[in-house]
Amino acid sequence: MSQNNLGTGATLSGTRKKRGPIVKKLIGLVAIIAVVYTLIGYWWSIPPRDNLVIDLPENAVAGHETTQALIETANAIINKPGTFKGGYISNDRNPLLPGFYIDNIKSWEYGVLIQVRDTAAEMRNGFGKPRSQGEENDFLAKADPKFQSDNMYWLFPEAESVYLEGIEFLEKYRDQLSDQNKASAQFYTRADNLEEWLGIVSTRLGDYSQKLSNSREKLNINVDLAGDSVATQSTPTQEQTTEKTPWTQLDNNFYEAQGYAWATVQVMRAMAVDFEDVLKDKNALPNFLQILEDLQETQKPIYSPMILNGSGNGFWANHSLWLANYISRANAGVIDIRDLLNRG
């Protein structure tokens, strides 16, 4: 081998030796970043468990507590209770942020948002209006569409900035309620208003119960037209279907349902105060409180790194069926209360 070739070989060997430590440092740095992102993502993915603390002024007027609960619940989507919870994550599009890589808390945020949207719409069209032909409150009319904004918007405008505008309109409505000189702001604690809102809750709970139950393959019988011999539908459907939730969707369904249940607890706790006289008059207050207890059970923490999908009586847990049990119980209670509220 010539002297030049020996010199070239020595140079290449030296270059490899220099690159070796650099590559190791880069690998170490990537590993550290991955661990940090994983820990942050885990912390951000822990949903709030405790009930919100709602401070009320003395002699609060009807509807103040429900409105304040809705404000606090909407704010919890953006600024979650606790320290360093990552803010609003659903619209994170930056791959340099941990929120880009996690999805469970995004599903939780969406579940809470569903309840916020439903309640804001009912505030506008029911609780805040004297009757169906009455005039709607201006602030509620402005707040409602803000919460209907797409939760995935991330730029011009950001979803959270739009929701904050909706919260500001709710705060103005709340302040109007307490002003005896502003008769345009009212909150009507009528049995029919509460029954209508509970009807929406029942529909949502039934839907979540069905989704969660489909974690295990099961046969569903079509009962869409049951009980009405002359009822029709637009297009024919199969009399029997077999359904099973894809395993990639299990955790999304779970955390969305848990988020909706959490938000429902916050609003119902406030309504137990605002509608106390109505519920007592219908002898429905114990039923109402039982629903709250059942929904509270859905908030127990899951001590597992992932949502398990074992059989109902197998060795492994099935978290979806566990959650579906309490949601179904709560929905049965809602149906009973609606019946009580509809009675004269």
(message) Restricting to non-hydrogen atoms, name the atom on V112 and the atom on G259 that form the minimum distance, rounded to 0.1 Å.
(response) CG2-O, 3.3 Å

(request) Output every pair passing salt bridge (Lys or Arg N to Asp or Glu O under 4.0 Å) with a member in residues 252-277, not counting sequence neighbours, ordered by first then second residue. (result) E276-K280

(message) Treating R204 as the side-chain partner and A257 as the backbone partner, does any N or O pair qualify as donor plus acceptor under 3.5 Å?
(response) no

(message) Let me check something: do V267 and I200 share a hydrophobic cluster, defined by ILVMFWY side-chain heavy atoms less than 4.5 Å apart, either directly or through other members?
(response) no

(message) If you define the side chain from C-beta out and look only at heavy atoms, does anything of E158 sit under 4.5 Å from Y88?
(response) no

(request) Please examine the side chains of Y260 and L295, heavy atoms only from C-beta on, and report whether any two atoms are closer than 4.5 Å. (result) no

(message) Tell me the closest heavy-atom pair linking G333 and I291, and the distance in Å.
(response) C-CD1, 3.4 Å

(request) Measure from the ring center of Y153 to the ring center of Y163 and say whether it is less than 6.0 Å. (result) no

(message) So does R338 get a backbone contact from the side chain of N342, meaning a donor-acceptor N/O pair under 3.5 Å?
(response) yes

(message) Restricting to side-chain contact (heavy atoms from CB on, under 4.5 Å), what partner residues turn up for V61, sequence neighbours left out?
(response) H64, L177, S178, Q180

(message) Just to verify, what does P157 make a side-chain contact (heavy atoms from CB on, under 4.5 Å) with, not counting sequence neighbours?
(response) S161, V162

(message) With clusters defined by side-chain heavy atoms of hydrophobic residues (ILVMFWY) lying less than 4.5 Å apart, directly or transitively, does M152 cluster with Y255?
(response) no

(request) Output the distance between atom CG (L321) and atom CG (N214), rounded to the nearest 0.5 Å. (result) 10.0 Å

(request) Could you go through the salt bridge (charged side-chain N to carboxylate O under 4.0 Å, His left out) check for K129 and E136 one step at a time? (result) CA-CA 6 Å; K129 291 179 64 175; E136 64 185 7; 5.4 Å; no

(request) Establish whether I32 and W43 are linked, either directly or via other cluster members, by ILVMFWY side-chain heavy-atom contacts under 4.5 Å. (result) yes

(message) For the CH2 atom of W197 and the OG1 atom of T66, what is their distance to the nearest 0.5 Å?
(response) 8.5 Å

(message) More than 12 heavy atoms of other residues, nucleotides or ligands under 6.0 Å from CH2 of W154: yes or no?
(response) no

(message) Nearest 0.5 angstrom please: L279 CG to T189 OG1, how far?
(response) 10.0 Å

(request) List the atom of R124, the atom of P145, and the distance in Å for their closest heavy-atom pair. (result) NH1-CD, 4.1 Å

(request) To the nearest 0.5 Å, tell me how far Q210 CD sits from N253 CG. (result) 11.0 Å

(request) Find out if a path of hydrophobic residues (ILVMFWY) with successive side-chain heavy-atom gaps under 4.5 Å connects M268 to L289. (result) yes

(message) Would you say N91 and E160 are linked by a side-chain donor-acceptor pair, where the criterion is simply a distance under 3.5 Å?
(response) yes

(message) Main chain of G99, side chain of K106: is a donor-acceptor contact present, judged purely on distance under 3.5 Å?
(response) yes

(request) Would you name the heavy atoms of I89 and E109 that are closest together and state the gap between them? (result) N-OE2, 3.0 Å

(message) Less than 4.0 angstrom from a charged side-chain N to a carboxylate O is my criterion; do E168 and K146 meet it?
(response) no

(request) Return the set of residues passing side-chain contact (heavy atoms from CB on, under 4.5 Å) with Q186 (not counting sequence neighbours), or none when no residue passes. (result) A183, Y188

(message) So which atom in A74 and which in F147 form the shortest heavy-atom distance, rounded to 0.1 Å?
(response) CB-CE2, 3.9 Å

(message) For the residue pair N125 / E196, report whether a side-chain donor-acceptor contact shorter than 3.5 Å exists.
(response) no

(message) Applying a strict under-4.5 Å side-chain criterion to I, L, V, M, F, W and Y, I'd like to know whether I77 and I46 cluster together.
(response) yes

(message) Using the side-chain contact (heavy atoms from CB on, under 4.5 Å) criterion, which residues pair with Q290? Sequence neighbours excluded.
(response) E293, D294, R329

(request) Would you indicate whether the side-chain heavy atoms of L340 and N283 approach each other to under 4.5 Å? (result) no

(request) Would you give the length of the straight line joining atom CD1 of I302 to atom CZ of F254, rounded to the nearest 0.5 angstrom? (result) 4.0 Å

(message) Testing the 3.5 Å rule here: is there a donor-acceptor pair between the side chains of Q266 and T73?
(response) no

(request) Would you give the length of the straight line joining atom OG of S213 to atom CG of L323, rounded to the nearest 0.5 angstrom? (result) 9.5 Å

(message) If you define the side chain from C-beta out and look only at heavy atoms, does anything of S209 sit under 4.5 Å from N331?
(response) no

(message) Just to verify, what does D207 make a salt bridge (Lys or Arg N to Asp or Glu O under 4.0 Å) with, not counting sequence neighbours?
(response) K211

(message) Could you check whether any side-chain heavy atom of N51 comes within less than 4.5 Å of a side-chain heavy atom of Q296, counting everything from C-beta outward?
(response) yes

(request) Please report the shortest heavy-atom distance between K80 and P48, naming the atom on each side. (result) CB-CG, 4.3 Å

